Enquirer: 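I'd like to ask some things about the structure below.
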Number of protein chains: 2
Amino acid sequence: MTVTVENTHAPTSLNLTPSRRAVLDIVKSAGRPMKAYDILSKLQEVIKHAKPPTVYRALDYLVTNHVLHRVNNQNAFMHCQQHVECSKQQEERVSILFSCQLCGAVIENANHSLTAIIKQMTGSLGFKSDADMVECSGVCQDCR
Amino acid sequence: MTVTVENTHAPTSLNLTPSRRAVLDIVKSAGRPMKAYDILSKLQEVIKHAKPPTVYRALDYLVTNHVLHRVNNQNAFMHCQQHVECSKQQEERVSILFSCQLCGAVIENANHSLTAIIKQMTGSLGFKSDADMVECSGVCQDCR
DNA sequence: TGCATTTAGATATAATATAACATACAATAG
DNA sequence: CTATTGTATGTTATATTATATCTAAATGCA
Ligand SMILES: [Zn+2]
Ligand SMILES: [Zn+2]
Ligand SMILES: [Zn+2]
Ligand SMILES: [Zn+2]
């Protein structure tokens, strides 16, 4: 099955097999980052024989294709929030994940200034940023 | 024992007990991020009865006091590279860790533009960045 | 059809991190 | 000094996160 998804980070087509689709639906509908083994529990309601590799393989695929993001400071996975209108000029931009240490909520954001400064820093260091994503932890508005 | 360490991120004094001191020395002398269980192996050469909690407790302390940083995208720990001259105006700055996915090397860096843009973004989102640290993964100069 | 490639199933285990409880040690107030 | 409190450590066990490996099925294509 091939499906088109509007997503700044994503390619235009995905091979969404049943287990990938199910994992994507689970994470997307959660609306917040989910842990791999919580995803597994949900997945087993639909695919009984699902095992850790089932989940991690699907997550690898979806993260590689930028449909999901890995939130490193939580060991969790979230749906990409950048479903965008104006995706044309944004292919080269850097996004940032603001991750709340208290409630786990993540806000994905981006802007041109951030992109510019990161590009400038990586350039002067000879560093190639392949992730186009940075992470920042803290405390969100609701938790303050 | 109380010791003074020159470090942008660090407080002026630390309670470096033997196990904390040993963990710090191990990570510092590695010159690159180390995994907790690799630290444990080294530590056991000095403190035979060291166990995982020995290492994790020391790491917690040293990370909390900004002598070490946790590199989330590697599950590793590195010595702070910002031992600074000009620490006066830099208390509020944001640092960034550029982490190479191939060799694991990390470059810690900071500048005022980055600090400004992160502060602006967090401010407009009502997000309180407590870490003053962001992470960016990619490929370093040597690995290209 | 035959062959290569990708995806998935299944079992086991590796790697990372913490819980819980007991003990020792250090600072200080009475 | 000694009781009390807070901090740090020892020890055992276990929780959490992630991958290796081998087999088999499904898919795409010559
Ligand atoms: Zn995204
Ligand atoms: Zn929050
Ligand atoms: Zn630092
Ligand atoms: Zn490298």
Side-chain angles (χ1 to χ4, degrees), chain A residues 1-3 11 13-27 30 33-65 67-78 99 101 104 135 137, chain B residues 1-3 11 13-27 30 33-65 67-78 99 101 104 135 137:
Chain A
M1 190 201 312
T2 292
V3 144
S13 89
L14 287 174
N15 177 18
L16 287 183
T17 62
S19 58
R20 290 170 182 169
R21 173 102 228 174
V23 167
L24 174 55
D25 287 346
I26 288 165
V27 176
M34 287 191 74
K35 301 278 206 167
Y37 278 71
D38 293 335
I39 297 168
L40 177 57
S41 296
K42 282 282 185 190
L43 184 62
Q44 285 170 333
E45 296 173 5
V46 177
I47 302 176
K48 275 193 184 162
H49 59 259
K51 299 281 186 313
T54 315
V55 167
Y56 281 103
R57 284 166 177 163
L59 289 172
D60 282 351
Y61 180 86
L62 295 166
V63 168
T64 296
N65 288 283
V67 182
L68 299 185
H69 298 306
R70 194 194 152 106
V71 185
N72 285 312
N73 59 30
Q74 295 186 29
N75 288 346
F77 302 84
M78 63 177 278
S99 171
Q101 292 177 335
E135 269 187 48
S137 69
Chain B
M1 191 201 310
T2 292
V3 144
S13 89
L14 286 174
N15 176 17
L16 286 185
T17 61
S19 58
R20 289 171 183 170
R21 173 103 227 175
V23 167
L24 174 55
D25 287 346
I26 288 166
V27 176
M34 287 191 74
K35 299 278 204 168
Y37 278 70
D38 293 334
I39 297 168
L40 177 57
S41 296
K42 284 280 185 192
L43 185 62
Q44 286 170 333
E45 296 173 7
V46 178
I47 302 176
K48 276 194 182 159
H49 59 260
K51 298 281 186 312
T54 316
V55 166
Y56 281 104
R57 283 165 177 164
L59 289 171
D60 282 350
Y61 180 85
L62 295 166
V63 168
T64 297
N65 288 282
V67 182
L68 299 185
H69 298 306
R70 194 195 152 106
V71 185
N72 284 312
N73 59 31
Q74 294 185 31
N75 287 348
F77 302 85
M78 62 176 281
S99 172
Q101 291 178 336
E135 269 187 48
S137 69

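Labels below follow one simple rule: chain letters A, B, ... track the order of the sequence lines, proteins then strands, and each chain is numbered from 1. Fair warning: this is a prediction, and the values are worked out from it, not measured in the lab.
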Enquirer: What does the B/S/- profile of nucleotides 15-26 of chain C look like, 5' to 3', with a 4.0 Å heavy-atom cutoff to protein?
Expert: -BBBBB------
Enquirer: Using chain A heavy atoms and a threshold of under 4.0 Å, write down where along DNA chain D the contacts begin and end, 5' to 3'.
Expert: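 The contacted stretch runs from dT17(D) to dT21(D).
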Enquirer: Without swapping roles, check the side chain of D38(B) against the backbone of M34(B) for a donor-acceptor pair under 3.5 Å.
Expert: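 Looks like no, no N/O pair under 3.5 Å.
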Enquirer: Tell me the interatomic distance from N15(A), atom CG, to dT5(C), atom P, rounded to whole angstroms.
Expert: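 Taking CG of N15(A) and P of dT5(C), I get 17 Å after rounding.
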Enquirer: Could you check whether any side-chain heavy atom of N15(A) comes within less than 4.5 Å of a side-chain heavy atom of N65(A), counting everything from C-beta outward?
Expert: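 No; the side chains remain at least 4.5 Å from each other.
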Enquirer: Taking for each residue the nucleotide of DNA chain D bearing the nearest heavy atom, is the 5' side occupied by S19(B) or by K51(B)?
Expert: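 Checking each residue's closest nucleotide, the 5'-ward one belongs to S19(B).
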Enquirer: Looking only at non-hydrogen atoms, find the nearest pair between K35(B) and N75(B) and report the distance.
Expert: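 Result for this residue pair: CD-O, 3.4 Å.
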Enquirer: Is L59(A) close to R57(A) at the side-chain level, that is, under 4.5 Å between some pair of heavy atoms?
Expert: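 Counting from C-beta outward, R57(A) and L59(A) never come under 4.5 Å.
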Enquirer: Would you check if the side chain of E135(A) reaches a backbone N or O of N73(A) as a donor-acceptor pair within less than 3.5 Å?
Expert: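 Flag set: sc E135(A) to bb N73(A) pair under 3.5 Å.
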Enquirer: Given atom NE2 of H49(A) and atom P of dT7(C), what is their separation to the nearest angstrom?
Expert: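 Spelled out: NE2 on H49(A) to P on dT7(C) is 16 Å.
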Enquirer: Would you say the side-chain atoms of K48(A) pair up with the backbone N or O of V46(A), donor to acceptor, closer than 3.5 Å?
Expert: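 Side chain of K48(A) to backbone of V46(A), a donor-acceptor pair under 3.5 Å: no, none is there.
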Enquirer: Tell me if a side-chain donor or acceptor on R20(A) pairs with a main-chain N or O of Y61(A) at a distance below 3.5 Å.
Expert: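 It does not hold such a pair.
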Enquirer: Could you tell me whether a side-chain N or O of Q74(A) sits under 3.5 Å from a main-chain N or O of G104(A), the two making a donor and an acceptor?
Expert: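 Confirmed, Q74(A) side chain pairs with G104(A) backbone.
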